[in-house]
Amino acid sequence: MSRTLTLIQTGWESVQATAESGRKSDALARLDRLLARPDVPADITLAGHKLAGELALDTGRFALAQRHLKAVIALDPTDARTRYLAGRAWEEDPDGCDRRAAICFRKAALLDGTNPLYRAAFGRAAARCGKVRHGVREMLAAADQEPGDVDVVRVVVGGLLEMGKPGSARRVLTKAMFFRAGHPELAALGERTRFETARRAQRLAAKTRGNTRDAQDAQFATDGDRVLLPFIRISDGTGAKSASGETVRTDVVSFPRPHLGRLRAGKVDR
């Protein structure tokens with residue numbers, strides 16, 4: 001029995017070393033074989049399912065991550081981080097479920113109310129499920145709880161922009177930049193927020209003028225399977241006039257041609 005335990009312990013340490021070296025798929029495969037043994041001690045079983053869930057999540061194997069994390073929850077229902085990771089597995093899976101993600105995030109926030117990331121993730125998931133006011137309130141509360149935490153700000157700003165609230169996202173970012181001035185990710189979020197603000201203002205102005213088609217939403221002109229790109233030409237001012245007296249542009253589509261004929265033969269080609 002002692003030799004068996006030694007082999008299991010050695011295998012577990014080998015799995016951990018493989019994961020730490022960055023070979024996550026190899027570590028996950030070894031871990032699945034280890035956990036399939038019926039004689040694995042309870043402490044290694046719990047730690048192994050936790051590690052397997054994280055590795056599967058990192059490698060995009062969401063169904064496998066959900067299975068391992070569900071096993072951890074059954075063994076330790078009070079583990080808040082496992083609930084959070086389970087929520088991520090449901091949220092990031094293309095075939096997942098925002099409602100189940102929201103349930104996991106809410107449970108994580110209830111188990112560890114001091115972690116604003118869990119509350120921010122729950123707020124975003126709740127907003128995606130249709131509870132927009134409640135979700136926005138939770139996200140803003142999480143940002144107030146830890147205004148300088150980049151991970152929290154990332155979730156909150158992304159969620160607020162998804163819900164069409166760039167003004168609130170801008171206020172969260174302004175406070176975050178006070179605590180983390182010059183942070184590159186916050187700067188990138190600021191650019192995204194400014195773009196969304198300008199886009200919404202542009203759409204609102206277009207609707208006010210009665211124009212339902214925005215330049216941002218215009219589709220490419222095509223000719224069969226080719227995309228047509230208009231090239232601007234200098235006008236001599238003699239264009240046709242519309243009924244309102246405005247000049248009507250009559251530019252035509254230009255098809256770029258290959259310039260191989262312009263290449264001069266070199267020594268290598270002779």
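Just so you know, residue 1 is the first one in the sequence shown, and it goes up from there.
Taken to the nearest 0.5 Å, the CG atom of Leu69 stands 11.0 Å off from the CH2 atom of Trp90. Separation of atoms NZ (Lys50) and CG (Asp79) is listed at 4.0 Å; rounding is to 0.5 Å. Here the NE2-NZ distance, from His49 to Lys70, works out to 12.5 Å after rounding to the nearest 0.5 Å. Residue Leu161 holds its CG atom at 11.5 Å from CZ of Arg124, rounded to the nearest 0.5 Å. Between the CG atom in Asp32 and the CG atom in Leu28 there is a gap of 5.0 Å [rounded to 0.5 Å]. Distance CZ/Arg154 to CG/Asp151: 4.5 Å, rounded to 0.5 Å.
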Distance-only donor-acceptor pairs under 3.5 Å for side chains of residues 126-143, two or more places apart:
unit_1: Arg128; atom_1: NE; unit_2: Glu162; atom_2: OE1; d: 3.0
unit_1: Arg128; atom_1: NH1; unit_2: Glu91; atom_2: OE2; d: 3.1
unit_1: Arg128; atom_1: NH2; unit_2: Glu162; atom_2: OE2; d: 2.7
unit_1: His134; atom_1: ND1; unit_2: Arg137; atom_2: NH2; d: 3.1
unit_1: Glu138; atom_1: OE1; unit_2: Arg119; atom_2: NE; d: 2.8

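Taking hydrophobic clusters as Ile, Leu, Val, Met, Phe, Trp and Tyr residues chained together by side-chain heavy-atom distances below 4.5 Å, Val15 shares a cluster with Ile44. Hydrophobic clustering keeps Ile103 apart from Val155 (ILVMFWY residues linked when any side-chain heavy atoms are closer than 4.5 Å, directly or through intermediates). When the side chains of ILVMFWY residues are joined at heavy-atom separations under 4.5 Å, either directly or via intervening members, Leu46 and Val40 end up in two distinct hydrophobic clusters.
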_Candidate pair Arg61 and Lys24, rule side-chain contact (heavy atoms from CB on, under 4.5 Å), full reasoning_ = CA-CA 12 Å; Arg61 301 177 64 181; Lys24 296 182 179 181; over 6 Å; no
*Is there a side-chain contact (heavy atoms from CB on, under 4.5 Å) between Gln145 and Val152 once you walk through the steps?*
CA-CA 10 Å; Gln145 188 174 343; Val152 174; over 6 Å; no
*Kindly determine whether Asp43 and Trp12 satisfy side-chain contact (heavy atoms from CB on, under 4.5 Å), including the steps that lead there.*
CA-CA 11 Å; Asp43 57 337; Trp12 169 236; over 6 Å; no
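Minimum interatomic distance between Ala19 and Leu55 (heavy atoms only, all atoms of both residues): CB-CD2, 4.2 Å. Across all their heavy atoms, Ala86 and Cys104 have their closest contact at CB-SG, 3.9 Å. Residue Phe62 comes nearest to Pro94 through the heavy atom pair CE1-CD, 3.9 Å, listed as atom of the first residue, atom of the second, then distance. The two residues Ala125 and Ala101 make their nearest non-hydrogen contact at CB-C, 4.5 Å. For the residue pair Asp76 and Thr78, the shortest heavy atom distance occurs at OD1-OG1, 2.8 Å. Across all non-hydrogen atoms, the minimal contact from Ala80 to Ala108 is O-CB, 3.4 Å.
Side-chain contact between Pro77 and Arg83 is present, with at least one heavy-atom pair separated by less than 4.5 Å. Inter-residue side-chain proximity for Leu85 and Arg88 is flagged as met; some heavy-atom pair is nearer than 4.5 Å. Counting heavy atoms from C-beta on, the side chains of Leu75 and Thr45 come closer than 4.5 Å. Counting only heavy atoms from C-beta outward, the side chains of Phe178 and Pro147 never approach each other to under 4.5 Å. Looking at heavy atoms from C-beta onward, Leu117 lies out of side-chain contact with Asp149 at the 4.5 angstrom threshold. Residues Leu34 and Leu31 have side chains in contact (heavy-atom distance under 4.5 Å, counting atoms from C-beta outward).
Using a 4.0 Å cut-off between charged nitrogen and carboxylate oxygen, Lys175 and Asp144 count as a salt-bridge pair.
Residues passing the side-chain hydrogen bond (donor to acceptor under 3.5 Å, both in side chains) test with Lys165, sequence neighbours excluded: none. Considering only residues two or more places apart in sequence or on other chains, Tyr84 meets the ring-ring contact (aromatic ring centres under 6.0 Å, His included) condition with Phe105, Tyr118. In terms of the salt bridge (Lys or Arg N to Asp or Glu O under 4.0 Å) criterion, Arg180 has no residue partners (sequence neighbours excluded). Not counting sequence neighbours, Lys107 has no partner by the side-chain hydrogen bond (donor to acceptor under 3.5 Å, both in side chains) test. Among residues two or more places apart in sequence or in another chain, the side-chain hydrogen bond (donor to acceptor under 3.5 Å, both in side chains) test is passed with Arg30 by Ser14, Thr18.
A side-chain N or O of Gln9 and one of Glu13 form a donor-acceptor pair less than 3.5 Å apart. Donor-acceptor pairing under 3.5 Å is recorded for the side chains of Arg171 and Ser168.
Only one option out of Val156, Thr193, Leu160 pairs with Leu173 in a side chain to side chain contact (heavy atoms under 4.5 Å, CB included); it is Thr193.
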